[in-house]
Each structure stands twice: as structure tokens, then as C-alpha cells.
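In what follows, every chain begins at residue 1, and chains take the letters A, B, ... in the order their sequences are listed. Both backbone and side-chain heavy atoms feed into the values below; hydrogens, waters and symmetry mates do not.
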Amino acid sequence: MLKVEGVSRIFGDKKVVDDLNFAVEDGEFVALLGPSGCGKSTSLKMIAGLEDPNTGTIELDGKDITHLGPGQRKLGMVFQSYALFPHLSVKENILFGLKARKVQKDEQQKRLTSVVDLVGLGEHLEKKPGQLSGGQCQRVALARAIVSEANLCLMDEPLSNLDAKLRNEMRTEIRALQQRLGMSVIYVTHDQVEAMSMADKIVLMNDGRIEQIGLPEDLYNRPATVFAAQFIGSPPMNIIPAGDKLLGVRPEHIRIEDGGMPGRVISCDYHGADTIVLADISSNGDTESLVKLRYPGHALFTAEQNISIHWKPEFEHQFSSSTRTSIDAQPTN
Amino acid sequence: MIRRLNLKAWLLLLPALTLLVAFTHWPTLKTFWRSATWAKSDVAPSQFVGLENYELLIEDPVFWQVIQNNFWYAVGTVPTSIALAIGMALWVNGKIRHKGLLRLAYFTPTILPMITVANIWLFFYSPDIGLFDQLLRAVGIDGPNWLGDPDMALGSLMAMTIWKEAGFFMIFYLAALQTLSPELYDAAKVEGAGPWRTFWRITFPLLMPTTLFVLINALLNAFKLVDHLFILTKGGPNNASNLLLYYIYETAFSFLDSYYAATLTVVMLVALALIALAQMLFFDRKIHYR
């Protein structure tokens with residue numbers, strides 16, 4: 001189990017990571033999610049020991065590792081660029097750490113065979129990374145990270161260099177592998193789909209701070225802040241000013257029904273399964289108030305057409321307009 | 001159309017080709033020819049003598065001494081300057097203050113012309129009044145005659161050459177080091193590799209293309225750079241510090257025997273070509289090029 005407590009990192013006079021607190025249970029897949037520059041990679045590097053935190057402690061399995069060297073922390077890591085050693089064969093890349101740690105020869109072979117089976121690299125063992133495709137390089141990096149049988153595996157945007165199709169495949173594969181091996185994983189990504197579909201728990205970061213920690217469905221159903229509400233979901237949640245409050249409704253929860261709030265269609269964006277309709281719901285004289293809504297199938301609305309929209313009250317979120325945090329009554333269960 | 005394109009190509013090549021043929025290929029061929037001829041005097045017509053000049057060479061004790069000197073000169077300077085260059089490059093590539101100044105300091109010997117360098121070192125090496133002897137005297141040691149003692153002369157030249165070359169080679173290593181991804185080193189650290197293993201398993205192999213380039217240049221320089229001999233020892237005492245190229249110069253312009261000088265030149269050309277070829281063949285298979 002990993003515990004991060006009060007960890008900060010300051011570059012110059014900028015707090016890149018500000019008071020980070022979270023924990024990773026054994027066998028848990030935790031996604032560190034956030035826009036680029038939010039400090040998630042720096043956080044990962046501090047856990048790996050590649051950056052030194054200015055304050056706070058990091059504890060792995062009850063042992064303080066805050067200032068331990070990266071090699072002594074017993075963790076594996078997959079880098080964004082894969083960081084494979086270009087002059088070494090696939091086999092030598094995978095065995096690099098075991099050799100550095102002076103693991104017995106027969107144990108090395110045993111682990112190599114099982115790991116190569118797991119990621120499916122059997123026929124490529126003698127090749128150099130330059131002869132492999134992006135997906136295969138990704139597998140080598142993965143194999144190198146798990147062959148050490150470390151307590152914790154860190155992944156820094158591991159899929160960002162792959163094309164969309166391969167990314168979907170690898171997503172499923174990494175998740176399956178993690179569950180099969182019962183590994184704890186910290187997975188850094190800026191892609192909400194990756195985080196939502198793979199993680200047991202999401203740590204959402206913004207501007208060096210944690211916005212919200214929770215299950216994927218928590219972040220979707222009960223966003224703690226306006227930022228969280230708009231970061232998760234596509235298109236993002238509509239935020240409508242209402243007095244001293246902000247109302248939030250997801251586009252997929254808005255229906256076009258008679259007898260609702262009047263609106264005026266501005267444009268339609270056809271996506272196949274559904275259509276994203278952009279509408280103005282300001283009453284006369286008000287400043288423009290735009291919402292997006294998801295309409296199943298192909299919507300045939302013309303610009304300027306008047307519609308009436310409606311959403312169920314349980315899908316409505318409320319935020320304070322000053323703190324921009326949720327003021328929903330939390331369900332008591 | 002094609003013919004016109006060809007003509008244009010040849011015209012564009014012409015300036016470089018002229019220089020190359022006139023000053024490299026033609027003289028080389030003439031040297032080969034001249035090494036197979038001989039004349040009684042400058043005015044007498046030269047005549048073909050086959051391999052006679054080469055027989056002369058085999059019986060020439062100075063030639064063998066010069067070859068031996070050159071061998072030890074290469075063995076003594078090349079690996080040391082390469083090792084120093086890598087060490088200095090690693091150091092100035094690291095996280096230290098005043099990096100720029102240090103790099104400049106190491107590069108200075110390379111900027112200076114060899115003749116200047118030799119003059120500076122002449123002062124270092126002067127018996128009694130020289131820097132080294134003065135320093136040694138300060139700690140109570142009677143310094144040797146660095147350049148005058150046959151046992152010391154070649155070694156003294158080697159020390160100066162290493163000083164001059166290491167900074168030059170450092171620049172190549174520095175450039176190569178800066179192309180290596182820092183993530184590779186992060187990965188090595190996470191995998192638990194210490195600095196020693198990281199150097200020998202990652203840095204050194206990835207620097208091999210540079211090492212081959214530097215090695216070839218260093219070896220060629222061991223034969224080509226003789227400017228300092230003119231200032232420091234003139235090959236003496238008793239040929240103790242004489243090198244092949246300087247011997248060729250002496251033969252041609254002091255002893256005015258251009259036929260024997262041509263023969264020596266052929267030996268040098270062949271030797272250099274063989275060295276370059278052997279290095280290419282030997283290392284090409286072992287080096288990882290990106």
C-alpha cells in the first residue's frame with residue numbers, strides 16, 4: 001500500500017505540486033488524471049524517486065521511501081517514450097533490472113519466460129527496439145516494468161504515442177494484466193476515457209492540487225467542483241448561472257420535450273449514434289446562455305428553430321459561484 | 001534532357017573534383033611511381049628501379065626506430081586521450097556550475113595552433129628553469145631533462161599530445177551525450193542500475209559511434225600531427241622522438257632524397273588506409289547506430 005501525505009514540489013517560485021494526499025491500496029488501479037501541466041507527471045516522478053519532494057512523506061508498505069533512491073523503492077515504471085535501451089535486444093531490455101539487482105540466472109529465465117508469455121513477445125526476443133512497432137515497444141516497456149515483480153507499477157501516459165485503435169486494445173490489455181497479476185498501479189493520463197474505463201479510483205488534479213478523489217462513477221455522478229464537472233464527460237457538463245449559484249447539467253441528461261424551458265437552436269453536430277445540439281436558453285434581454293445537449297440519432301433541427309428542453313431534477317447539480325464547489329445535498333447512504 | 005542534366009552535374013562537381021584530383025589523387029599516384037624510381041642527382045633523369053627503394057627501407061635502422069616510436073606514440077596517446085575525453089564530457093555534461101566556462105577551458109588547447117602549444121610546453125619542459133623542473137625542485141626532486149633525455153623525450157611529447165587532443169575529442173562526446181534521452185537514465189535508475197553499470201551498459205555502448213569516429217581521427221592524428229616536433233625535439237635526441245611523418249619531411253627536405261621520401265610516404269599511406277579499414281570492418285558490426 002502506498003501513502004502520499006502532504007507532498008509538494010516547488011520549481012522556482014511556482015508550486016507545481018501543492019499538498020498532495022492520497023493512498024493506493026494493494027491491487028488497486030489508480031489514475032492520476034488532469035490537464036497537461038497540472039503536476040501529475042511530477043507527482044509520479046516523486047513517487048518513483050526521480051524528483052525530490054520539498055515537503056511531505058511517501059510511504060510504501062509501511063516504509064518511508066520519501067528520500068530513497070529510485071532503484072531501492074521496489075517499483076516498476078513505464079515511461080511515456082517507453083525509454084527502451086535502443087542498443088539492447090528485447091530480452092536484454094527486459095532483463096536489465098534483474099541483472100542490475102543480481103537476481104539468480106535460472107530465476108531470471110523463469111521470470112522472462114512467464115512475462116514474455118503474458119505480453120506476447122515470444123518471437124521478438126532477439127530484436128532491437130528499432131525493429132519493433134509502437135505497440136510492441138509498449139509491450140516491452142510493460143514487460144520490463146512487471147518482470148521485477150515490484151509492489152507497485154507506475155505508468156506515465158503509456159498509451160499516448162499509440163494510434164487510437166491500438167490504444168483501445170492496449171487499454172483493455174493493461175487492465176486485464178493488472179487484474180490478473182493483482183498489481184497496484186498508478187496511471188498518469190490526461191485522457192478521461194482512459195481513466196474512467198481502467199481505474200478503480202481516480203485522483204483528479206488541476207493546477208498542482210487535487211480536485212477530487214473517487215470512483216469513476218463518483219466523479220461522473222457527484223463532481224465535487226465545477227472543474228471536475230467539466231473535465232469528466234464529453235461534451236463537458238453545462239454550467240448555467242442561476243442567481244448566486246451555478247447549475248450543472250450533463251448534455252446527455254437534457255431532453256427535448258414540450259412544456260420545458262424554451263430555447264433556440266444554434267447548431268447541430270452529427271456524431272452517428274447521436275447529435276450534439278447547441279442551444280441558447282437565455283430569455284429575452286438576457287445575455288446569451290448556451291447549453292449543449294445530446295439527442296439520440298440524427299436530429300433534424302434548423303438554426304433558429306425554437307425548442308423546449310427539460311431535465312429531471314435528480315440530474316441537476318449545484319455549485320457555489322464563489323467557491324465553485326458542489327453544494328449538492330450529499331446522498332445519505 | 002538526361003544528357004544535359006548529366007553535364008550540369010559534372011559542371012557542379014568540377015571545382016571539387018579539380019581540387020581533389022590535382023592535390024590528392026594525382027600526387028598519390030605520382031608518389032607511388034616515384035617510390036619505384038631513382039636518380040643519381042636532381043638533374044639526372046630518373047630510372048625505374050622496381051622495389052629497390054623498399055629493400056633500402058627494410059635495411060634502414062632509422063625507419064624501424066621511427067615505426068616503433070610511432071607505434072608507442074599511438075598506443076600511449078590514443079586510449080588515454082579518449083578516456084580523458086569521455087570523463088571530461090561526462091563531467092561538464094552533468095549538473096555543475098559554470099558549465100560553459102569549464103567547456104571552454106577544456107577546449108582551449110584545441111583552439112591553439114600546434115606550434116603555439118609546443119612553444120608553451122617548451123617552457124614547461126625546459127631543464128632547470130622550466131615549470132615542471134621548478135615545481136619538482138620545490139618538493140625537493142631534481143627534475144629530469146624532459147626533452148633531452150632519450151628515455152624521456154617521446155613520453156614528454158605524448159603528454160603534450162594528450163593534453164591537446166582530449167579537449168577536442170571531448171566536444172564530440174559532449175555532442176553525443178546531449179542526444180541521449182534523459183528518460184533512458186530515469187529508466188536505468190528505476191531498474192536499480194548504479195552509475196557504474198549505467199555507464200558501461202548504456203552510456204558507453206550508445207557512445208560507440210562517436211568512439212569509432214574519434215578513434216579513427218586519433219589514430220590518424222598520431223601519424224599526421226608532427227608540428228610540435230619542429231619546436232620541441234626535431235626528432236631527437238638520436239631519433240628517440242622521431243615519428244614517421246617527420247622522418248619523411250627530413251628525408252625529403254633536409255636530406256633532399258625525394259625518392260626515398262616517396263617510398264616512406266607509400267608505407268604511411270598504406271598503413272593509414274589499413275588502420276581505417278580495419279576499424280570500419282571490426283566495429284561496424286558491433287556498433288548500434290540510431
**Q** Quick check: closest heavy atoms across A/M77 and B/V190, and the distance to 0.1 Å?
**A**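 For A/M77 and B/V190, the tightest heavy-atom pair comes out as CB-CG1, 3.9 Å.
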
**Q** Is B/W91 atom CH2 crowded by more than 12 heavy atoms from other residues, nucleotides or ligands, each under 6.0 Å away?
**A** no

**Q** Against chain B, label A/R144 side chain, backbone, both or neither, depending on which of its atoms sit under 4.5 Å from a heavy atom there.
**A** both

**Q** Would one find more than 12 heavy atoms of other residues, nucleotides or ligands at under 6.0 Å from atom CD of A/Q104?
**A** no

**Q** Going from OG on B/S181 to CZ on A/F79, what distance comes out if it is rounded to the nearest 0.5 angstrom?
**A**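 These two atoms lie 9.0 Å from each other.
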
**Q** Taking atom CD of B/E183 and atom CG of A/D156, what is their separation to the nearest 0.5 Å?
**A** 7.0 Å

**Q** Please determine, among A/G76, A/A141, A/A48, A/S81, the option with the most heavy-atom pairs under 4.5 Å with chain B.
**A** A/S81

**Q** Is there a side-chain contact between A/P86 and B/L184 (heavy atoms, below 4.5 Å)?
**A**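 Touching, per the 4.5 Å side-chain cut-off.
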
**Q** Tell me, side chain or backbone of A/L50 under 4.5 Å from chain B's heavy atoms, or both, or neither?
**A** side chain

**Q** Do B/R197 and A/K99 make a side-chain contact, defined as non-hydrogen atoms from C-beta onward lying under 4.5 Å apart?
**A**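 Yes - at least one pair of side-chain heavy atoms lies under 4.5 Å apart.
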
**Q** More than 12 heavy atoms of other residues, nucleotides or ligands under 6.0 Å from NZ of B/K8: yes or no?
**A**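 No.
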
**Q** So which residue, A/G69, A/G71, A/G130, ends up with the most heavy-atom pairs under 4.5 Å with chain B?
**A**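 Highest number of pairs under 4.5 Å: A/G71.
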
**Q** Sort A/S148 into side chain, backbone, both or neither according to what part of it lies under 4.5 angstrom from a heavy atom of chain B.
**A**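 Nothing of A/S148, per the 4.5 Å heavy-atom cut-off to chain B.
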
**Q** So, for B/A193 and A/F96, which heavy atoms are closest and what is the spacing to 0.1 Å?
**A**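 Smallest heavy-atom distance, with atoms named: CB-CE2, 3.6 Å.
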
**Q** Please report the shortest heavy-atom distance between B/P205 and A/H87, naming the atom on each side.
**A**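 Distance-wise, the nearest heavy atoms are CB-CD2, 3.3 Å.
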
**Q** Report, as yes or no, whether the 6.0 Å neighbourhood of atom OH on B/Y106 holds more than 12 heavy atoms from other residues, nucleotides or ligands.
**A** yes

**Q** With heavy-atom distances below 4.5 Å as the criterion, would you say the side chains of A/K45 and B/D186 are in contact?
**A** yes

**Q** What part of A/K74 is in contact with chain B, defined as an atom under 4.5 angstrom from a non-hydrogen atom: side chain, backbone, both or neither?
**A**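 Contact with chain B is absent: no heavy atom of A/K74 under 4.5 Å.
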
**Q** Quick one: do B/R201 and A/E92 make a salt bridge, cutoff under 4.0 Å?
**A**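 Yes.
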
**Q** For A/Q131, look at atom CD and say whether over 12 heavy atoms of other residues, nucleotides or ligands are found less than 6.0 Å away.
**A**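 More than 12 heavy atoms, drawn from other residues, nucleotides or ligands, come within 6.0 Å of this atom.
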
**Q** Would you say B/L206 and A/F85 make side-chain contact, with heavy atoms under 4.5 Å?
**A** no

**Q** Please classify the contact between A/L154 and chain B as side chain, backbone, both or neither, with a heavy-atom cut-off of under 4.5 Å.
**A**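 Neither part.
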
**Q** Within a reach of under 6.0 Å around NZ of A/K3, are more than 12 heavy atoms found that belong to other residues, nucleotides or ligands?
**A**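 It does not: A/K3 NZ has 12 such atoms or fewer within range.
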
